[in-house]
Amino acid sequence: MALAESIEYDKIEVVGTYKNIQIRQSVIVKKDGVEIARSYNRSSLNAGTLDASDNLVDTDISAEPAEVQAICTAVWTDTVKAAWKTKLIADKSA
């Protein structure tokens, strides 16, 4: 009886004006090559956060899988980052 666990990133979505990234990770358990359990973890990423001087600090994506990094790099353009920064500053004032 051999148990094995694997992780797959089975859903990566780009959502909304600010190109937030939603990630679904599947944790799959197999017994003798046959799947016996599956669970899901979800996370999301945005282009960055504001520092104390209202500068946008890019989100660190270095720990993300290569495919997630590639999507973030492609969709988080300077225009998207500028709009996200403007929104974050406006939200602080509200």
Side-chain angles (χ1 to χ4, degrees):
M1 175 176 93
L3 288 177
E5 181 179 281
S6 63
I7 296 174
E8 295 177 4
Y9 292 85
D10 64 346
K11 191 177 280 192
I12 304 168
E13 302 172 311
V14 178
V15 180
T17 303
Y18 307 106
K19 309 300 184 210
N20 294 318
I21 309 297
Q22 295 181 349
I23 304 160
R24 185 174 82 174
Q25 176 190 67
S26 296
V27 179
I28 304 159
V29 178
K30 292 183 179 181
K31 177 181 174 184
D32 297 326
V34 177
E35 184 176 321
I36 60 170
R38 181 181 291 248
S39 63
Y40 300 101
N41 298 310
R42 291 186 174 270
S43 61
S44 62
L45 300 168
N46 56 50
T49 57
L50 295 177
D51 66 11
S53 300
D54 286 344
N55 297 307
L56 187 68
V57 178
D58 290 343
T59 297
D60 180 8
I61 57 174
S62 62
E64 300 297 331
E67 64 223 281
V68 173
Q69 291 181 31
I71 292 168
C72 292
T73 300
V75 299
W76 291 344
T77 62
D78 290 340
T79 302
V80 168
K81 288 179 183 181
W84 179 241
K85 177 182 174 181
T86 300
K87 181 204 180 312
L88 291 176
I89 292 170
D91 287 352
K92 282 177 52 175
S93 302

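Residue numbers start at 1 and run along the sequence shown.
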Practice problem: Go through V80 and V75 one step at a time and tell me if the side chain to side chain contact (heavy atoms under 4.5 Å, CB included) criterion holds. | Solution: CA-CA 8 Å; V80 168; V75 299; over 6 Å; no

Quiz prompt | Pairs meeting criterion ring-ring contact (aromatic ring centres under 6.0 Å, His included) with involvement of residues 47-67, two or more places apart | solution = none

Quiz item: Taking it one step at a time, do L3 and I36 satisfy side chain to side chain contact (heavy atoms under 4.5 Å, CB included)?
Solution: CA-CA 9 Å; L3 288 177; I36 60 170; 4.0 Å; yes

Counterpart residues, salt bridge (charged side-chain N to carboxylate O under 4.0 Å, His left out), relative to [X] (two or more places apart):
X: K81; value: D58
X: E35; value: R38
X: D78; value: none

How long is the span from the [atom1] atom in [X] to the [atom2] atom in [Y], to the nearest 0.5 Å?
X: W84; Y: L56; atom1: CH2; atom2: CG; result: 9.0 Å
X: E8; Y: Q25; atom1: CD; atom2: CD; result: 10.5 Å
X: C72; Y: N46; atom1: SG; atom2: CG; result: 9.5 Å

Quiz item: Got a sec, which residues hit side-chain hydrogen bond (donor to acceptor under 3.5 Å, both in side chains) with K87, two or more places apart in sequence or on another chain?
Solution: D91

Quiz item: Got a sec, which residues hit side-chain hydrogen bond (donor to acceptor under 3.5 Å, both in side chains) with S26, two or more places apart in sequence or on another chain?
Solution: D10

Quiz item: With side chains defined as the heavy atoms from C-beta onward, is the minimum distance between L50 and I89 less than 4.5 Å?
Solution: yes

Quiz item: Can you check whether I21 reaches I61 side chain to side chain, under 4.5 Å on heavy atoms?
Solution: no

Exercise. Report the residues that fulfil side-chain contact (heavy atoms from CB on, under 4.5 Å) with V57, sequence neighbours left out, ordered by chain and then residue number.
Key: T49, D51

Quiz item: Of all residues at least two apart in sequence or in a different chain, which pass the side-chain contact (heavy atoms from CB on, under 4.5 Å) check with S43?
Solution: I23

List the atom pairs, with distances to 0.1 Å, where a side-chain N or O of residues 13-20 and a protein N or O form a donor-acceptor pair under 3.5 Å, not counting sequence neighbours.
none

Quiz item: Please, which pairs that meet side-chain hydrogen bond (donor to acceptor under 3.5 Å, both in side chains) have at least one residue in residues 62-76, sequence neighbours excluded?
Solution: D60-S62

Quiz item: Given a cutoff of under 4.5 Å between side-chain heavy atoms of I, L, V, M, F, W and Y, with clusters grown through shared members, what are the other residues clustered with Y40?
Solution: none

Self-check item: Qualifying salt bridge (Lys or Arg N to Asp or Glu O under 4.0 Å) pairs, either residue in residues 25-34, two or more places apart
Solution: none

